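Heavy-atom basis, side chains included; hydrogens, waters and symmetry copies ignored. Keep in mind it's a predicted model, so treat the numbers as computed, not measured.
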Amino acid sequence: MADLSVMVLCGRSPRHLYVANRLCGAANVVAIVQEAGSHWTAKKVLKLLRPDNLWRKVWRWLRDRRRYTGGGEGKFFFGETAPRLERAELVTEVPHINHPDIVELARRLQPDVIAVFGTSLIRGPLLDMGRIGIINLHGGLSPEYRGADCTFWALYNGEPEKVGCTLHFIDPGIDTGRLIAHVCPEVHAGDGELKLFWRSVRDSADIYAEALARLAQGEPLGAPQPSKGTLYQVKDRGWHHERNVTEQLRKGLLRDIHLPKRVTWFKAGTETA
């Protein structure tokens with residue numbers, strides 16, 4: 001089978017650009033859609049202005065500003081080169097990923113696969129697009145770690161061996177679709193949440209490209225998830241959880257540890273453990 005036609009949906013952070021570039025170098029990418037994240041409704045504004053939500057947003061903004069100071073993510077993925085998309089001519093930007101223009105673009109292009117990383121939840125008619133389906137790169141090992149901040153929660157739970165990413169087909173749930181691959185990065189003493197997450201994503205970009213090649217060859221990838229697992233939400237992560245992980249790392253959670261990179265593939269018709 002010839003290379004699959006692929007429509008990429010992604011965010012705008014350096015990690016998202018890196019994965020999109022890797023897919024562009026490995027597949028016939030016909031469009032790149034970037035979610036700008038600027039879609040506001042009255043309902044969203046009212047929800048944000050609730051005191052508990054507003055405080056949480058401000059605290060997360062301050063925390064992330066401190067953690068991301070210095071452009072560490074960009075340097076991790078691009079070195080001294082400014083992060084950018086190599087196929088900028090393919091880019092369409094939308095305020096939210098379920099925008100009608102993207103549904104229309106997918107209907108017009110008829111891609112074999114829609115490849116997703118770093119967008120908000122896909123809902124509505126877009127779920128039915130893509131001849132083979134919609135694939136997502138999720139930053140946790142589904143089903144045990146679904147949702148947000150899964151590298152953090154694996155460390156919080158004392159399970160560094162369960163740091164990793166999942167490639168899966170998208171269904172109406174949150175990270176519940178058929179599994180394609182689990183990608184676990186190397187884990188070393190001295191690692192922290194961000195470095196482990198970035199390493200997971202970097203390793204997963206290669207596996208993402210390989211998955212598209214396998215699908216192009218007709219390999220039947222995709223096994224049902226064995227359970228619902230646990231869904232972690234952004235609001236679940238508080239300052240006391242942060243303090244707990246910091247203390248665990250200080251006391252040696254990753255001391256004398258060396259885990260190699262591990263990849264597990266899931267084929268249709270197989271049972272997951």
Could you walk me through whether E159 and Y145 pass side chain to side chain donor-acceptor pair (under 3.5 Å), step by step? CA-CA 11 Å; E159 298 182 319; Y145 289 94; 2.5 Å; yes
Under 30°, 30 to 60°, or over 60°: which ring-plane class applies to Y232 and W153, parallel, tilted or perpendicular?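 Plane angle under 30°, so parallel.
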How many angstroms lie between [atom1] in [X] and [atom2] in [Y], if you round to the nearest 0.5 Å?
X: I180; Y: S142; atom1: CD1; atom2: OG; answer: 11.5 Å
X: L221; Y: W265; atom1: CG; atom2: CH2; answer: 6.5 Å
X: L167; Y: L212; atom1: CG; atom2: CG; answer: 8.5 Å
X: L254; Y: H188; atom1: CG; atom2: NE2; answer: 11.0 Å

Let me see the working for E35 and S120 under side chain to side chain donor-acceptor pair (under 3.5 Å), right down to the final yes or no. CA-CA 8 Å; E35 184 176 42; S120 53; 2.5 Å; yes
May I ask you to decide if [Y]'s main-chain N or O and [X]'s side chain share a donor-acceptor pair within less than 3.5 Å?
X: Q34; Y: G11; value: yes
X: R22; Y: A209; value: no
X: H16; Y: S13; value: yes
X: D3; Y: A27; value: no
X: R12; Y: A36; value: yes
X: R131; Y: Q110; value: no
X: S5; Y: N28; value: no
X: D236; Y: Q233; value: yes

State whether F169 and R178 meet the cation-pi test: NZ (Lys) or CZ (Arg) under 6.0 Å from the six-membered ring centroid, and within 45° of the perpendicular axis.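 Judged by the rule (NZ or CZ under 6.0 Å from the ring centre, within 45° of its axis), R178 counts as positioned above F169.
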With a 3.5 Å cut-off and no angle check, do the side chains of H240 and E242 form a donor-acceptor pair?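 The criterion, which ignores hydrogens and geometry beyond distance, is not satisfied for E242 and H240.
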